[in-house]
2 protein chains.
Amino acid sequence: MPNQSQSATNQALDRVFHALSDPTRRAIMSRLGQGPASVSELAKPFAMAMPSLLQHLQVLEESRLIRTAKVGRVRTCEMQPVALDAAGHWIAEQRALWEGRLDRMEAYAKSLHKQEKKRDTKRFGKR
Amino acid sequence: MPNQSQSATNQALDRVFHALSDPTRRAIMSRLGQGPASVSELAKPFAMAMPSLLQHLQVLEESRLIRTAKVGRVRTCEMQPVALDAAGHWIAEQRALWEGRLDRMEAYAKSLHKQEKKRDTKRFGKR
DNA sequence: CTGATAGTTAGTCGCATGCCTAACCAAAGC
DNA sequence: GCTTTGGTTAGGCATGCGACTAACTATCAG
């Protein structure tokens with residue numbers, strides 16, 4: 001099967017990884033990891049015009065890495081870890097493939113499918 | 001601290017995430033997860049001119065996601081999971097931050113540093 | 001040596017990205 | 001109601017990316 005027109009999940013990964021490939025956007029994610037924040041609050045640490053930062057936020061939102069909502073004149077941004085998980089999952093999958101441990105991966109995939117909310121310490125085996 | 005001129009690790013993450021943001025490159029990584037392959041072997045599944053694919057390989061190599069070596073007229077490519085781990089580590093860090101579980105993260109980071117080869121089932125908590 | 005095979009280099013092209021300024025709403029604050 | 005304050009829209013500009021063709025190099029097979 002040569003390169004067909006891209007499954008939906010693949011496009012999602014495209015967007016997520018692309019979003020994470022920018023240091024500003026990763027910094028924003030780091031900040032949001034500590035809790036929600038307004039746009040101007042997020043903008044403060046950066047020597048960057050507002051519209052530029054806004055664009056970064058758009059990229060993050062379109063990739064579903066964050067969710068935003070406007071209340072009054074303030075837009076509040078919040079991290080949405082699902083997309084992050086998708087990326088992490090893909091990475092873990094490659095690692096597992098590489099280590100020839102498809103058995104465990106399948107079990108993991110199954111557990112993912114069940115949408116179970118149990119969350120455990122994740123651990124990427126190092127090198 | 002505002003956006004200083006980019007630490008080396010950050011630039012590495014830029015490159016890795018950017019490399020992974022392309023479906024062709026991810027497909028290549030998936031293929032290499034199953035074992036090393038030559039350039040033309042990698043090219044086969046894609047309806048793409050060689051130079052284009054070559055460029056993808058260059059991106060992957062510069063991001064250190066793969067390593068390549070030429071023997072005779074054949075260049076063989078191999079996955080190099082360290083960069084993948086770096087990306088996975090960053091993601092896990094954000095998750096952990098979000099979940100307010102820095103304690104465990106520190107333990108994980110320390111274990112990473114020790115370069116230990118013990119590998120365990122990784123598990124991203126879903127949702 | 002000749003030709004096929006495997007990869008490389010150079011140069012082009014169109015579109016996306018990331019940044020900016022300037023102008024513009026729209027809720028608060030007073 | 002007038003002015004901040006917080007965000008948004010529009011438009012412009014340089015650079016980078018992903019793809020292509022064409023032409024070239026280098027090894028291996030016979």
Side-chain angles (χ1 to χ4, degrees), chain A residues 2-6 10-29 31-32 36-78, chain B residues 2-6 10-29 31-32 36-78:
Chain A
N3 61 340
Q4 70 283 58
S5 11
Q6 273 285 315
N10 270 349
Q11 281 188 22
L13 279 180
D14 285 7
R15 278 194 293 268
V16 170
F17 281 126
H18 170 246
L20 294 179
S21 77
D22 183 280
T24 302
R25 289 192 290 258
R26 282 202 308 279
I28 291 176
M29 288 302 285
R31 166 62 189 78
L32 289 180
S38 73
V39 171
S40 36
E41 207 172 339
L42 287 174
K44 247 178 256 165
F46 303 102
M48 187 180 289
M50 276 285 288
S52 313
L53 197 125
L54 241 264
Q55 228 170 347
H56 283 302
L57 288 181
Q58 260 176 21
V59 171
L60 287 172
E61 186 161 26
E62 275 162 25
S63 71
R64 301 198 175 276
L65 279 164
I66 70 172
R67 204 169 2 132
T68 82
K70 201 166 179 177
V71 176
R73 65 182 164 175
V74 172
R75 177 172 297 277
T76 304
C77 308
E78 196 188 2
Chain B
N3 61 341
Q4 70 284 55
S5 10
Q6 275 284 318
N10 271 349
Q11 281 187 21
L13 279 180
D14 285 7
R15 278 193 294 268
V16 170
F17 280 126
H18 170 247
L20 295 179
S21 76
D22 183 280
T24 301
R25 288 191 291 258
R26 283 201 309 279
I28 292 175
M29 288 301 285
R31 166 63 190 77
L32 290 180
S38 73
V39 172
S40 35
E41 207 172 338
L42 287 174
K44 248 178 255 164
F46 302 103
M48 187 180 287
M50 276 287 286
S52 314
L53 197 124
L54 241 263
Q55 226 170 347
H56 284 302
L57 288 180
Q58 259 175 23
V59 170
L60 286 172
E61 185 161 25
E62 275 162 25
S63 70
R64 303 198 175 278
L65 279 164
I66 69 173
R67 206 173 355 137
T68 82
K70 200 165 179 178
V71 176
R73 63 182 163 172
V74 172
R75 178 172 297 276
T76 304
C77 308
E78 195 188 3

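Letters go in sequence order (proteins before strands), and every chain restarts at 1.
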Provide, to the nearest angstrom, the distance between the [atom1] atom belonging to [X] and the [atom2] atom belonging to [N].
X	N	atom1	atom2	result
A:Leu60	C:dG18	CG	P	10 Å
B:Arg25	D:dA19	CZ	P	8 Å
B:Leu20	D:dC17	CG	P	15 Å
A:Met50	C:dC24	CE	P	18 Å
B:Leu42	C:dA6	CG	P	13 Å
B:Asp22	C:dT17	CG	P	12 Å
A:Leu54	C:dT21	CG	C1'	14 Å
A:Met48	D:dG7	CE	C1'	17 Å

Determine the sole option in B:Glu61, B:Glu78, B:Glu62 for which the salt bridge (charged side-chain N to carboxylate O under 4.0 Å, His left out) test with B:Arg67 is passed.
-> B:Glu78

Should [X] be listed as having a side-chain N or O under 4.0 Å from OP1 or OP2 of [N]?
X	N	value
A:Thr24	C:dG18	no
A:His56	C:dC19	yes
B:His18	D:dG18	yes
A:Ser38	D:dG6	no

What are the two closest heavy atoms between [X] and [Y], and how far apart are they?
X	Y	result
B:Leu57	B:Cys77	CD1-SG, 4.1 Å
B:Leu53	B:Ala43	CD1-CA, 3.6 Å
A:Asp22	A:Thr24	OD1-N, 2.8 Å

Considering only D:dC20, C:dT8, C:dC20, which nucleotide approaches the side chain of B:Lys70 most closely?
-> C:dT8

Among C:dT9, D:dG7, C:dC20, which is the nearest nucleotide to the side chain of A:Ser40?
-> D:dG7

Supply the atom-to-atom distance A:Ile66 CD1 to A:Thr76 OG1, rounded to the nearest 0.5 angstrom.
-> 11.0 Å

Check every strand shown and say whether B:Ser52 touches a base, only sugar-phosphate, or nothing at a heavy-atom separation below 4.0 Å.
-> base

On a plain distance test, is the side chain of A:Arg73 in donor-acceptor contact with the base of C:dA27 below 3.5 Å?
-> yes

Pick the nucleotide of DNA chain C nearest each of A:Gly72 and A:Ser21; which residue has the one closer to the 5' end?
-> A:Ser21

On DNA chain C, nearest-nucleotide positions of A:Ala49 versus B:Gln58: which is more 5'?
-> B:Gln58

